[in-house]
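Let me begin by presenting the structure, written as structure tokens, before commenting on it.
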Amino acid sequence: MKSCFLFQVLSYLSIDPVRTVVEEGVVTKVLPSGGGRINKNIFFTPETQLESNYKPQVEDVVAFEAIENYDNNCEWRCLKMVMCSKPQQQVAKNRVEAVVSNGRAVEVDERGIVIEEVPEIHLENIGDKTQIDIKIKNTNTQRHKLLKTIIPVSRKMSQLEVLTPHVDAQIFFNPGHEEIFKIEVVGKMCGYWVEKIVWKFGGGLSIERKITIQVGSDDVDLTPREVFSQRQPRHGLRNGYNVDDYDRKDVDVIRGGALMRSSGIAPKVIEQYLVPQHLKRLIVHAKDKFEAEDKVFQAYPVLGQPLNLRTYTGIFHNLLYIEEIQLWVDFRIYDRNEVFFKRQDKEYLSLEVDNVAETRPSLILGDIIRITSPYSTQRAYEGYVHKIEKDRVLVKFERNFQNSYNGEKYNVTFNYSRGNLRKLHHAVGKILPHLGDCVVFPTKVELKPPQIDVVLNDQGDMVDQMNGRELSWFNKKLNEAQRRAVRNVLRGEARPMPYVIFGPPGTGKTYTVLELILQIVTNIRHARLIVCASSNSAANLITERLISCKILLPGEFIRVVGLSAIDRNSIPEHLHPYCGLCDISLEGTTSNEIKVTENGLKMHCNTKFLADHKIIIGTCQALGSFMAMNFRPNHFTHLIVDEAGQCNEPETVIPMCLISPEKGQIILAGDPCQLGPQVLSTIAKDHGLGVSYLDRLLERFPYEKNYDRYEHGFDERLVTKLVNNYRSIPSVLQLYSDLSYDGKLVPTINDSDSDEIKFLDRFKAPLPAANRPTHGVFFFSNVGENRQQSDSPSWMNPLEAANVYSLILKLYKLGIKHEDIGVITPYKAQVQRIRFHLLNTGDEKIPKVGSVEEFQGQERNVIIVSTVRSSKSFLEHDFKHSMGFVKNIKRLNVAISRAKSLLVIFGNAHLLAHDPNWCHVIRYASANGAFHGELPAQISLDDI
């Protein structure tokens, strides 16, 4: 028989919660109702008491009072909440009050355990050691049992080690019992680090303390100042240049000393397209960029209108003018007052210009030098730059002045050659009448009969359906996406609309372009190809691949170069026999004799000579000279633009103006998710010149992405996206595939016995032990200070630079070669600081250290990224000026996609986590056990 007992509450005096807590935390969720969560396990309601006029927002750092309350999948309910004045690190859990004992702050935690606060620890250098004592006392009347002492970071990476008592020692804390824990602190990495010690007691009680460790100092400048110095304002540097000085009509200008002046007649004249002086004054005389932008848009309202058929030429002409004005302003860095020339020899006069070979914007052959007497400006002598050496420029003037000069002082002004700018303007004005709106502003696909009626059979072979002939693959290793791209281009059903080959990093875009070139010239009768790229290096690569495949004869293709590219050694000598400089003269007005230098470089290549080649390769700018030449109408049938995402639209339009409007086909190969065009003027960049033609097409119908409609994401009559990645191990690839490529990239490097995985296994010893041995992305969160030298606008982080250097030394000890490592950092000062450390090792060869731009198109087994920034106040500045990595997904994508086996990132995670893309990177490293440091508040362990 069971007994039942009924209880009834007769009355109550008060109701108190079992536990209360007063802490700081981060708002992680806000509901439309007004409620939300703090730190994932504390909920607040619309009834929660808030300070006046405060409305909670996600990521707010708040102080709150909460009581234990198991509801809404949470353990605590917030009663009061106050917005903190600034973000702070989350305080240790279960803290309720603070007292002072013997002059030291101690914190009394629940159940009477008192742990002394640990002061910040400072170590001068890596390898330095110190010991600290942490006293723990039980002030309760109840006994507690310590089960274990835990340092959450692995012993290899932690800078803390518990000496006594042993971490596994179980100790009874009777009432009043004290225990001293001796901790050794060893500096392993520079910067500010926060590590934890956790004491686990019986009854589910865990108490943690954070220990702040600073290794090294920001205040010690370890690097000589001359390493960082920009070219100093020396005697003779000119200031306050008047925008009208150069264009004065009352000056007698005596010109001479041109590099190569053809004696022939140009068949077509390209206009001058001079910058309007009114526009120049608006920009140069403005107080800042914002005032300049306002005034320009008031005076030239077309710039504020959408880009369309009506506004196209007006917008791009004005953007090019604005870009040229910025170039003019930047060129004033070369101007000098009261300087003299040295007579190098009978041929040249020499002017000293410190570090001219490294100064930007670059002086190039053919740039103009104008000199005037300090005492009279009525006469000027104008000459040309003929040679550029490390610290001097060799120039030529009119013959009489050149021969009679005797050391007199002159004021010197440099100016750029305008030839390339004129080509851009000419192309902008010509493209719409030449190819029409179906190419410049395509809106629908109008199908034409295929050039070649090819299909892919089940075996991946390409067959011409007209005659059943099988077209052999020149590269039989092409994957399925690459073969589809080649098939689609050969069919060309949507021509003259451009065809896009979207090639993410490491997906074999260049091999696809090479196959296309060979297939077109082999299978399309009378095809004449222009193959161009944004840079000499990209054009060189295509030339080298055509040479190495040994399918075409040397006379079937030619690499057109400019004289300045030869002078800057931008064209390797082994390519010279395949290169030529063009002569725009009309046939019959010169000797038409092709001269060949000792290295095989062909000089004075005229129209007839060039037209005999099936393939002409060059940069967009170099091939712009063809617009002044007299090729037959419809001569060029196909255009391939490689790295099209790096060309501004007028650059891409230059070779498009050369293509046959009747039977021409345009192929754009590139990646819109990597770096775009390099533009000097922020006004021009922000209003259209920073967007490539490739980018613009892929953002509009019918080129835009649509995975719901198309199996491969795009209309394959217009776009093929390559997805098979041959560069990175799967763990590295997944990071940038998810960030920039919709998670669609497919690894071809296996995770078990590939060379890249073996490389990772050999050199990962200095890094945290990740959850998987094949994980290759690591993040070190360290806090340093971003600093500037007084004579440089660039930024550095000395402690972060020291950590990069320390890691490279550890890799060296494991036997890594310098060419396996690349160091990417966004600021020149940080580049110089890291290089200085590395050069101090005494090795002549060091890893390449450079900006993102210097690494585009390259790869390394190990990529180390130094983000530099440690101050939130500069993030918006970086964003506005396209500096650094934060809020610039293209820069971030290029940096992390260079790595084959190992990617190591140094940065302040608490700062970078304000950017959602960086938050993804940090979360990815943390989820894989490859994050070292304290996780930022935006990322909780529950998320990973």
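Just so you know, these numbers come straight off a predicted model, no measurement behind them.
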**Asked** For Gln678, does the CD atom sit with more than 12 other heavy atoms under 6.0 Å from it, leaving out its own atoms?
**Response** no
**Prompt:** Short question: side chain of Asn782, backbone of Gly191 - any donor-acceptor pair under 3.5 Å?
**Reply:** no
**Any side-chain donor near an acceptor of the partner, Arg833 and Asn797, under 3.5 Å** = no
**Beyond-backbone contact of Pro768 with Phe780, side-chain heavy atoms, under 4.5 angstrom** = yes
**Prompt:** Under a 4.5 Å cut-off applied to non-hydrogen side-chain atoms, are Thr507 and Val723 in contact?
**Reply:** no
**Item:** Residue pairs, two or more places apart or on separate chains, that pass ring-ring contact (aromatic ring centres under 6.0 Å, His included) and touch residues 716-745
**Value:** none
**Prompt:** Between His775 and Tyr924, what is the ring plane arrangement, given parallel below 30°, perpendicular above 60°, and tilted in between?
**Reply:** tilted
**Prompt:** Hey, does the side chain of Ser158 reach the backbone of Val153 with a donor-acceptor pair shorter than 3.5 angstrom?
**Reply:** no
**Aromatic ring pairing Trp918/Phe779, orientation class (parallel under 30°, perpendicular over 60°, tilted between)** = perpendicular
**Message:** If we check side chain to side chain contact (heavy atoms under 4.5 Å, CB included) with Cys647, which of these qualifies: Cys532, Ser534, Ser535, Ser692?
**Reply:** Ser534
**Complete:** Taken in chain and number order and not counting sequence neighbours, the residues that satisfy side-chain contact (heavy atoms from CB on, under 4.5 Å) with Ile846 are Arg835, Leu838, Leu839
**Request:** Please report the closest heavy-atom contact between Leu694 and Asp671, naming both atoms and the distance.
**Result:** CD2-N, 3.9 Å
**Prompt:** Is there a donor-acceptor contact under 3.5 Å from the side chain of Gln830 to the main chain of Tyr827?
**Reply:** no
**Item:** Under 3.5 Å: donor-acceptor pair, side chain of Ser781, backbone of Gly933
**Value:** no
**Request:** Hey, can you tell me if Phe557 and Tyr578 have their rings parallel, tilted or perpendicular (30° and 60° cut-offs)?
**Result:** parallel
**Asked** Who passes salt bridge (Lys or Arg N to Asp or Glu O under 4.0 Å) against Arg727, sequence neighbours left out?
**Response** Glu859
**Atom CD of Glu711 with >12 non-hydrogen neighbours under 6.0 angstrom** = no
**Asked** Is there a side-chain contact between Val777 and Ile896, using heavy atoms and a 4.5 Å cut-off?
**Response** no
**Message:** Going by the rule side-chain contact (heavy atoms from CB on, under 4.5 Å), which residues pair with Asn475 if we only count those two or more places apart in sequence or in a different chain?
**Reply:** Lys477, Leu478, Tyr511, Glu515
**Item:** With sequence neighbours excluded, residues passing side-chain contact (heavy atoms from CB on, under 4.5 Å) with Val691
**Value:** Asp695, Arg696
**Message:** To the closest 0.5 Å, what do you measure between CD (Gln646) and CD (Gln856)?
**Reply:** 4.0 Å
**Request:** Would you mind reporting whether Ile617 and Leu546 have side-chain heavy atoms less than 4.5 Å apart?
**Result:** yes
**Request:** Evaluate the side-chain proximity of Val489 to Ile640: yes if any heavy-atom separation is below 4.5 Å, no if none is.
**Result:** no
**Message:** Check whether Lys188 reaches the backbone of Lys156 with its side chain - one donor and one acceptor, N or O, closer than 3.5 Å.
**Reply:** yes
**Residue of the set Leu639, Ile501, Val641, Leu698 for which side chain to side chain contact (heavy atoms under 4.5 Å, CB included) holds with Leu668** = Val641
**Request:** Report yes if the side chains of Ser728 and Lys900 come closer than 4.5 Å at any heavy-atom pair, otherwise no.
**Result:** no
**Message:** Is there a side-chain contact between Pro504 and Asn725 in this structure, where contact means two heavy atoms from C-beta onward sitting under 4.5 Å apart?
**Reply:** no
**Prompt:** Which heavy-atom pair separates Glu704 from Glu699 by the least distance, and what is that distance?
**Reply:** OE1-O, 4.0 Å
**Request:** Might you point out which heavy atoms bring Pro152 and Lys196 nearest each other, and give the distance in Å?
**Result:** CD-O, 3.3 Å
**Asked** Excluding sequence neighbours, so at least two apart, what forms side chain to side chain donor-acceptor pair (under 3.5 Å) with Thr522?
**Response** none
**Request:** Mark yes or no for whether Gln482, through its side chain, and Gly508, through its backbone, hold a donor-acceptor pair below 3.5 Å.
**Result:** yes
**Asked** Quick one: does His576's side chain have a donor or acceptor within less than 3.5 Å of a partner on Ile571's backbone?
**Response** yes
**Prompt:** Going from CG on Asn540 to OG on Ser570, what distance comes out if it is rounded to the nearest 0.5 angstrom?
**Reply:** 8.0 Å
**Message:** Using side-chain contact (heavy atoms from CB on, under 4.5 Å), reason through Leu799 and Val215 one step at a time and then give a plain yes or no.
**Reply:** CA-CA 8 Å; Leu799 295 178; Val215 183; over 6 Å; no
**Message:** Before you tell me yes or no, could you show the steps for Ser731 and Gln734 under side chain to side chain donor-acceptor pair (under 3.5 Å), namely the whole-Å CA-CA distance, both residues' side-chain angles and the distance that decides it to 0.1 Å?
**Reply:** CA-CA 5 Å; Ser731 61; Gln734 183 183 338; over 6 Å; no
**Message:** Restricting to salt bridge (Lys or Arg N to Asp or Glu O under 4.0 Å), what partner residues turn up for Asp751, sequence neighbours left out?
**Reply:** none
**Request:** Using modelled atom types only, decide if a donor and an acceptor are shared between the side chain of Glu716 and the backbone of Asn488 within a distance under 3.5 Å.
**Result:** no
**Request:** Return the set of residues passing side chain to side chain donor-acceptor pair (under 3.5 Å) with Lys848 (not counting sequence neighbours), or none when no residue passes.
**Result:** Gln858
**Beyond-backbone contact of Val849 with Val804, side-chain heavy atoms, under 4.5 angstrom** = no
**Item:** Set of salt bridge (Lys or Arg N to Asp or Glu O under 4.0 Å) partners for Glu643, sequence neighbours left out
**Value:** Lys509
**Request:** With salt bridge (charged side-chain N to carboxylate O under 4.0 Å, His left out) as the test, would you mind laying out the steps for Glu819 and Arg860 before giving the verdict?
**Result:** CA-CA 8 Å; Glu819 61 264 27; Arg860 294 290 189 280; over 6 Å; no
**Asked** Can you tell me if Ser806 uses its side chain to pair, donor with acceptor, with the backbone of Ala802 under 3.5 Å?
**Response** no
**Asked** Who passes side chain to side chain donor-acceptor pair (under 3.5 Å) against Arg717, sequence neighbours left out?
**Response** Asp715
**Request:** Spell out, as yes or no, whether a donor-acceptor pair under 3.5 Å connects the side chain of Glu195 to the backbone of Gln159.
**Result:** yes
**Message:** Going by salt bridge (Lys or Arg N to Asp or Glu O under 4.0 Å), name the residues that satisfy it together with Lys705, two or more places apart in sequence or in a different chain.
**Reply:** Asp742
**Complete:** Hits for side-chain contact (heavy atoms from CB on, under 4.5 Å) against Ile816, two or more places apart or cross-chain, chain-then-number order -> Phe759, Phe763, Leu811, Tyr812, Asp820, Ile821, Val862
**Message:** Under the criterion side-chain contact (heavy atoms from CB on, under 4.5 Å), I'd like the reasoning laid out for Ile126 against Met189: C-alpha separation, chi angles, the key distance, then a yes or no.
**Reply:** CA-CA 6 Å; Ile126 292 175; Met189 300 188 73; 5.6 Å; no
